[in-house]
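Beneath this line is the structure, given in structure tokens, with notes to follow.
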Amino acid sequence: MAVRHFLSLLDLSTEELRHLIQRAMQMKVQQREGTPHASLAGKTLAMIFEKSSTRTRVSFEVGMQQLGGHALFLSPKDTQLGRGEPIEDSARVLSRMVDAVMIRTFEHEKVERFAAYSRVPVINGLTDLEHPCQLLADMQTWFELRGDIAGRTVVWVGDGNNMCHSYIHAAERLGFELRITCPEGYDPDPLILASGGRSVHMVRDPMEAADGAHLIVTDVWASMGQEQEQSARRRAFGDYVVTSELMARAAPDALFMHCLPAHREEEVSTEVLEGPQSVVWDEAENRLHAQKALLEFLLAWDTQRLPES
Ligand code: CP
Ligand code: NVA
């Protein structure tokens, strides 16, 4: 049977994505109630981090442990990856020893090359192009608090970055309208934008974009690797701050999400981030539950046939 990877949200069908969200919600209850759910006993996940992380690292490591398995943190600084051992060789060696590999890196092409040579599932823990694990958690958070997202309106404010790209994929898979509001020059990748089809629109004016929306989402203006662009980006993004005024244009019960870490008084005001519409802490917690469901899906289920819900 072919190995399933999770390099993009598009690697899951709509049915699989919906199933994973439900399983993540169930696992959250099991974990809170202390119901055993060690479906990955004896399995090992290798985690390669070429960029910093708090949430991704902790949620994968703790998730594997709660599932009865083990996680291994690999930094390029103290493995041969940092000394130039080819990705293709690292993939063939590691995938003979572990059951799955999670990679956080810069070039998306690197995770694709790793996956092409891997015998075991490879998970994208963030690349410059996509952040699909965060979308599992964001969608779980929405479903828990508001039910189905199909037909709702989501607004992406700020940079057309990796998170924005994964939101485009989520809109396509889950059937919500996505309005993207970015300063000129910071739009999402045109090919990814086109893949969203008719449910994704660019709206240059952030206030107009927020009109009647059900969910407002933003992210940092300078992603990891763009530190030298920080001041130019601060100038360009000045009108794209999520403030209480912007939230007031959305529906009265609209939610605010941010993958974190956040810069208060930059992309979002402290008032919004700490306010009643913000669900950022639920989102962060759900990284744990959503990724446990993903690991179980990739490692313990017959991925050709979903279990009955
Ligand atoms: N949201 C997210 O991926 O956080 P970390 O960078 O801390 O993993
Ligand atoms: N867009 C951000 C997300 C961090 C979780 C980055 O790539 O740095």
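Counting starts at 1 for both ligands and their atoms, following the listed order.
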message: Taking the basic N atoms (NZ, or NE/NH1/NH2) and the acidic carboxylate oxygens, is any pair closer than 4.0 Å for Arg179 and Glu208?
response: no
task: Would you mind finding which of Arg104, Lys51, Arg55, Met224 brings a heavy atom closest to atom 6 (O) of ligand 1?
output: Arg104
- request: Answer yes or no: is there an ion pair linking Asp187 with Arg204, defined by an N-O contact shorter than 4.0 Å?
  value: yes
query: Looking at ligand 1, does any of its N/O atoms fall within less than 3.5 Å of an N/O of Leu126?
result: no
Per-pair distances, ligand 2 N/O vs protein N/O, less than 3.5 Å:
unit_1   : atom_1 : unit_2 : atom_2 : d
ligand 2 : 1 (N)  : Asn161 : ND2    : 3.4
ligand 2 : 1 (N)  : Asn162 : OD1    : 2.9
ligand 2 : 1 (N)  : Asp219 : OD2    : 2.6
ligand 2 : 1 (N)  : Ser223 : OG     : 2.8
ligand 2 : 7 (O)  : Asn162 : ND2    : 2.8
ligand 2 : 7 (O)  : Ser223 : OG     : 3.4
ligand 2 : 8 (O)  : Met224 : N      : 2.8

message: Does ligand 1 come near enough to Pro261 that some N or O of the ligand is less than 3.5 Å from an N or O of the residue?
response: no
Do any side-chain atoms of residues 58-73 form donor-acceptor pairs under 3.5 angstrom with protein atoms, and if so which ones, sequence neighbours left out?
unit_1 : atom_1 : unit_2 : atom_2 : d
Ser59  : OG     : Arg55  : O      : 2.5
Ser59  : OG     : Thr56  : O      : 3.3
Ser59  : OG     : Gln291 : NE2    : 2.9
Gln66  : OE1    : Lys292 : NZ     : 2.6

message: Side chain or backbone, does Arg57 bring an N or O within less than 3.5 Å of an N or O on ligand 1?
response: no
- prompt: Will you find, in the side chains of Gln134 and Ser166, an N or O donor that is under 3.5 Å from an N or O acceptor?
  reply: no
message: For Arg113, is there an ion pair with Glu109 - N to carboxylate O distance below 4.0 angstrom?
response: yes
statement: ligand 1 atoms nearer than 4.0 angstrom to some heavy atom of Thr54 are 5 (P), 7 (O), 8 (O)
- prompt: If you measure from the Lys or Arg side-chain nitrogens to the Asp or Glu carboxylate oxygens, is any gap between Glu285 and Arg32 under 4.0 Å?
  reply: yes
- prompt: Between Phe237 and Tyr186, is a ring pair (Phe, Tyr, Trp, His ring centres under 6.0 Å) present by the stated rule, with each step listed?
  reply: CA-CA 9 Å; Phe237 284 79; Tyr186 296 95; 4.8 Å; yes
message: Return the closest protein heavy atom for atom 2 (C) of ligand 1 as residue, atom name and distance.
response: Arg287 NH1, 3.3 Å
query: Salt bridge between Glu16 and Arg18, side-chain N to carboxylate O under 4.0 Å?
result: no
